[in-house]
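Below is a structure I'd like to ask you about.
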Amino acid sequence: MLVTRHVLAASSAYATPYYIVRTMNPGPVIMITSGIHGNETASMAAAQKLADDCATGRRVIHRGTLIIVPRVNQQAYAKKIRGKPDLNRTFPRRSSGKAKHPLAAAVFQLARKHEADWWLDLHEANGLSQLSPRVLGQTLITNPGSSSVPICRSVIERMNRSISMRKHHFNLKRHELPGSARTAASKVLKAKSVTVETCWSLKRAVRIKYQTEIVHHFLREIGML
Ligand SMILES: [Zn+2]
């Protein structure tokens, strides 16, 4: 296993580090992004920790390739804001379309170049989906008809088995969101893409734990561990 550090959009004001974890064995390519919204800090911490743990050998990936961009929107992160414009509405909307923001273009090009089979986009949201169907906290979201659904269901089952507080349980949502990384990955790259949303009224340490565990379960289900 070899971990290399690179810089995305290197010669621009949007420069941000990313990591490639390469293994000796062929397998899927999985892209993990967080910080597309700059104020969703637990997801960024979980992604950075995954990259660090791979680099130090605390986490071992056996097959395939992992690409991690832990803090996509550095400018929004510096201000602890979601970001203006909302970067997650600027990804390509159709095969022939272009991203409407240079940072979204750079992230998307990275996934395209490496032919990502999977794209997990880590976020945080308001509310507990177990208490209201209208909120996104504690959900996995796919596009309607995504072939990622069976694996999402397995991941949710594993998560919910380990969460004693029922109102913290995760639910699956299917939703097309034009301009989002998830929908662009699915429609344009034909990747299996999932948005992970923890509820940010939970304690930060708990959110980081949930984000970390969800990614771990995906890696295991996809056969990379
Ligand atoms: Zn978000």
Side-chain angles (χ1 to χ4, degrees), residues 8 14 16 18 30-50 67-93 99-108 110-111 116 118-130 132-143 146 148 152 155-156 159 168 170-187 191-204 206-215 218:
L8 191 67
Y14 304 108
T16 190
Y18 71 96
I30 177 165
M31 174 101 169
I32 297 176
T33 49
S34 53
I36 282 183
H37 293 141
N39 54 349
E40 298 169 4
T41 63
S43 51
M44 288 182 253
Q48 185 65 57
K49 185 172 186 305
L50 175 62
I67 301 163
I68 308 168
V69 193
R71 199 178 286 162
V72 170
N73 196 339
Q74 294 279 7
Q75 293 186 356
Y77 174 72
K79 297 180 193 159
K80 298 289 187 293
I81 59 168
R82 185 175 172 89
K84 277 185 185 173
D86 184 336
L87 200 62
N88 213 25
R89 302 294 181 276
T90 66
F91 285 82
R93 293 176 183 235
K100 293 195 178 88
H101 191 286
L103 184 52
V107 175
F108 198 71
L110 183 67
W118 281 85
W119 187 332
L120 302 181
D121 189 24
L122 312 182
H123 286 255
E124 300 206 83
N126 289 317
L128 294 166
S129 65
Q130 198 69 14
S132 165
R134 291 188 303 277
V135 299
L136 294 180
Q138 305 298 89
T139 62
L140 301 185
I141 313 171
T142 70
N143 295 279
S146 170
S148 67
C152 289
V155 169
I156 288 174
M159 286 304 294
H168 291 180
F170 283 81
N171 288 289
L172 179 66
K173 285 190 188 285
R174 281 174 253 210
H175 178 59
E176 185 170 320
L177 179 60
S180 67
R182 175 185 77 248
T183 296
S186 175
K187 287 184 87 166
K192 297 181 186 74
S193 60
V194 183
T195 308
V196 175
E197 302 268 11
T198 44
C199 166
W200 59 21
S201 54
L202 302 178
K203 281 190 180 136
R204 184 177 150 84
V206 172
R207 286 142 52 202
I208 296 173
K209 178 174 176 280
Y210 287 161
Q211 294 268 351
T212 301
E213 288 176 352
I214 287 170
V215 170
F218 269 106

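One is the number of the first residue; the rest follow in order along the sequence. Atoms within a ligand are numbered from 1 in the order they appear, just like the ligands themselves. Fair warning: this is a prediction, and the values are worked out from it, not measured in the lab.
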**OP:** Please calculate the OE1(Glu40)-the Zn ion (ligand 1)-ND1(His37) angle and round it to 10 degrees.
**Re:**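 OE1 of Glu40, the Zn ion (ligand 1) and ND1 of His37 span an angle of about 120°.
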Subject >> Shortest-distance N, O or S atom of His123 relative to the Zn ion (ligand 1) >> reply: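 In His123, the N, O or S atom with the shortest distance to the Zn ion (ligand 1) is ND1.
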**OP:** Answer with yes or no whether the side chains of Thr41 and Arg204 bring together a donor and an acceptor at under 3.5 Å.
**Re:**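 Per modelled atom types, Arg204 and Thr41 side chains form a pair under 3.5 Å.
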Subject >> Straight-line distance of Leu122 CG to Gln211 CD, nearest 0.5 Å >> reply: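 Reported value, rounded in 0.5 Å steps: 5.0 Å.
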**OP:** Look at Glu197 and state whether any of its N, O or S atoms is less than 2.8 Å from the Zn ion (ligand 1).
**Re:**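 Not a single backbone or side-chain N, O or S atom of Glu197 is under 2.8 Å from the Zn ion (ligand 1).
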Original post:
Does Thr139 reach the side chain of Leu172, with side-chain heavy atoms less than 4.5 Å apart?
Top reply: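 A side-chain contact is absent here, since even the closest heavy-atom pair is not under 4.5 Å.
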Original post:
Regarding Trp119 and Thr33, is there a side-chain donor-to-acceptor distance under 3.5 Å anywhere?
Top reply: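 Thr33 and Trp119 do have a side-chain donor-acceptor pair below 3.5 Å.
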